[in-house]
2 protein chains.
Amino acid sequence: PEGRVLLVGAGPGDPDLLTLKALRALQSADVILYDNLVTEGVLELARREARRVAVGKVGHGPSVSQADINELMVSLAREGRTVVRLKSGDPAIFGRANEEMAACRAAGVPFAIVPGITAAQGAASALGLSLTDRDFAQRLQFVTGHSRKGELPESINWSAIADPAATTIIYMPRHTLRRFAARALESGLAGTTPALAIAAATRPDEVHVAAAIADLPDRVEDLPAALPVLVVIGEAVRGVREAAATRAAEVDAPA
Amino acid sequence: PEGRVLLVGAGPGDPDLLTLKALRALQSADVILYDNLVTEGVLELARREARRVAVGKVGHGPSVSQADINELMVSLAREGRTVVRLKSGDPAIFGRANEEMAACRAAGVPFAIVPGITAAQGAASALGLSLTDRDFAQRLQFVTGHSRKGELPESINWSAIADPAATTIIYMPRHTLRRFAARALESGLAGTTPALAIAAATRPDEVHVAAAIADLPDRVEDLPAALPVLVVIGEAVRGVREAAATRAAEVDAPA
């Protein structure tokens, strides 16, 4: 049979947030190359016979180099395997999909993307909040706090970040949040702008802190160091505590 | 039993892009209040006994007013029903979730959000492209082309839109794209910036056009008028045609 590569989004953590298509891909896989942020509950949904290979670690670049991942992925597909490249969130959003698709293209290996719920969407659902609002959150933007070198990216458009009518999501913010917040404030963002940091959104160990953006860098240190963190800034997160208090028990509760 | 409201993301169109949690919500529903962009294939996955009520029409504001939707939703939940408010894409992204959650809060009705794959993610997977890139697409932003009055929103931050290192997604762009593109170009976006418009992404009738942003407004007129359209602007969409040519046949093909 012809091999192929499926770049599959594992979603934010809760296995119930997989798409039906991702579930099908996991159940058709011969080999699964997964990042360490992918949860055990998601991996348990895969075909029992599938070989599982961990290829990434949390937040500090891959433990297996990107070149090695590409080579492994392509060589397995060339042997005729269905290779699932399983990434937390959505492969198309801060998932390095371009690098892996280029490797497939260069090798003549067919590939497809299966989207996933990205961490920001997981956080919004977990906290019961909308990321946009017709009156006060009309633009939604995603940035990474983590450049190729692990530092705050040089190219951030600070005027876009300082916009009071935007909701800003920072992926992988932990090591650079203090500098990010300082630059945003220098660029005109009000220090009182509501913000929050959420760790392990949609997972059983989920925890969050809420504070004005000026105070958030201190508060983030309260979150367990091992958990993946996301920061959300903007009017959209004002009053998150009150909202959480009236959230439905859980969709999973008996109907 | 206590009633409740579940704001559920139906995803971009392909029923396989529902999450497992959304499927479970549809199968626990007593009543489903759905927008017209929700596809027949998604509705078919609902519990047979569930009452289905269409409450929205395409692109020009609801045919049932937001106040009437809120009232219907809350009164059904108060009668003890499990009410699924089913929205295309993700309720937390341009889904007016805040207005409906506020109605639930005011009425003391428990609610939860079940996220969905938003149209931009559906488009990215359908076209085999990444919305971010470590080198040339470091910020991803979603805006709407459609204000409360159906016009181009007044508050758009044009400097954020003109940033050459961003990927910009415009939701509901059809009637305002010419003006949007003109303002973006005046604000410094290069007219040669790659762009595309995709209609009915992930649905069987999906079709797209690709052009430089300066030329896209003319090309969008080639898309069937009845289909929902999304515009993507930025280096991330350069060479989409080539990418599409080597896409895997389909995840749904026999394994």
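Everything numeric in this text was worked out from a predicted model, so none of it was measured. The chains referred to below are lettered A, B, ... by the order of the sequence lines, with proteins before strands, and numbering in each begins at 1.
Each of B:A22, B:G116, B:A124 has some count of heavy-atom pairs under 4.5 Å with chain A, and the biggest count is that of B:G116. When A:A236, A:A160, A:A166, A:P115 are compared by the number of non-hydrogen pairs under 4.5 Å with chain B, A:P115 comes out ahead. Note: A:I93 leads A:T202, A:I93, A:T118 in heavy-atom pairs under 4.5 Å with chain B. By number of non-hydrogen pairs under 4.5 angstrom with chain B, the leading residue of A:A92, A:P12, A:G9, A:P91 is A:A92. Top candidate by heavy-atom pairs under 4.5 Å with chain B, chosen from A:T144, A:L18, A:I169, is A:L18.
Residue A:T168 does not touch chain B at all, counting heavy-atom pairs closer than 4.5 Å. Contact annotation for B:E99: only side-chain heavy atoms (C-beta onward) come within less than 4.5 Å of a heavy atom of chain A. Both the backbone and the side chain of A:L140 come within less than 4.5 Å of a heavy atom of chain B. For A:P15, the part lying near chain B is the backbone, with the side chain staying farther off; criterion is any non-hydrogen pair under 4.5 Å.
Side-chain contact between B:L20 and A:L23 is present, with heavy atoms from C-beta onward closer than 4.5 Å. B:I117 is listed as a side-chain neighbour of A:I117, based on a closest heavy-atom distance under 4.5 Å. Side-chain atoms of B:S125 and A:V114, non-hydrogen and from C-beta on, never get closer than 4.5 Å to each other.
The ring pair (Phe, Tyr, Trp, His ring centres under 6.0 Å) analysis of residues 1-25 of chain A, with sequence neighbours excluded, yields no pairs.
Considering CD1 of B:I113 and CD of A:Q121, their distance stands at 11.0 Å, rounded to 0.5 Å. How far OG1 of A:T167 is from CD of B:Q141: 12.5 Å, rounded to the nearest 0.5 Å. Distance check, rounded to the nearest 0.5 Å: NE2 of A:H146 to CZ of B:R134 gives 8.5 Å.
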Between B:V143 and A:Q138, does a side-chain contact (heavy atoms from CB on, under 4.5 Å) hold up when you go through it step by step? CA-CA 6 Å; B:V143 296; A:Q138 295 157 338; over 6 Å; no
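The side-chain contact (heavy atoms from CB on, under 4.5 Å) test applied to A:S130 returns A:T132, B:A97, B:N98, B:M101, not counting sequence neighbours. Under the rule for a ring-ring contact (aromatic ring centres under 6.0 Å, His included), the partners of A:F142 that lie at least two apart in sequence or sit in another chain are A:Y171, B:F142.
Residues from residues 147-158 of chain A that place a non-hydrogen atom less than 4.5 Å from a non-hydrogen atom of chain B comprise A:R148, A:S155, A:N157, given in numerical order.
Side-chain atoms of A:S159 and B:S159 include a donor-acceptor pair closer than 3.5 Å.
By the neighbour-count criterion of 12 heavy atoms within 6.0 Å, atom CD of A:E2 is sparsely surrounded, having that number or fewer from other residues, nucleotides or ligands.
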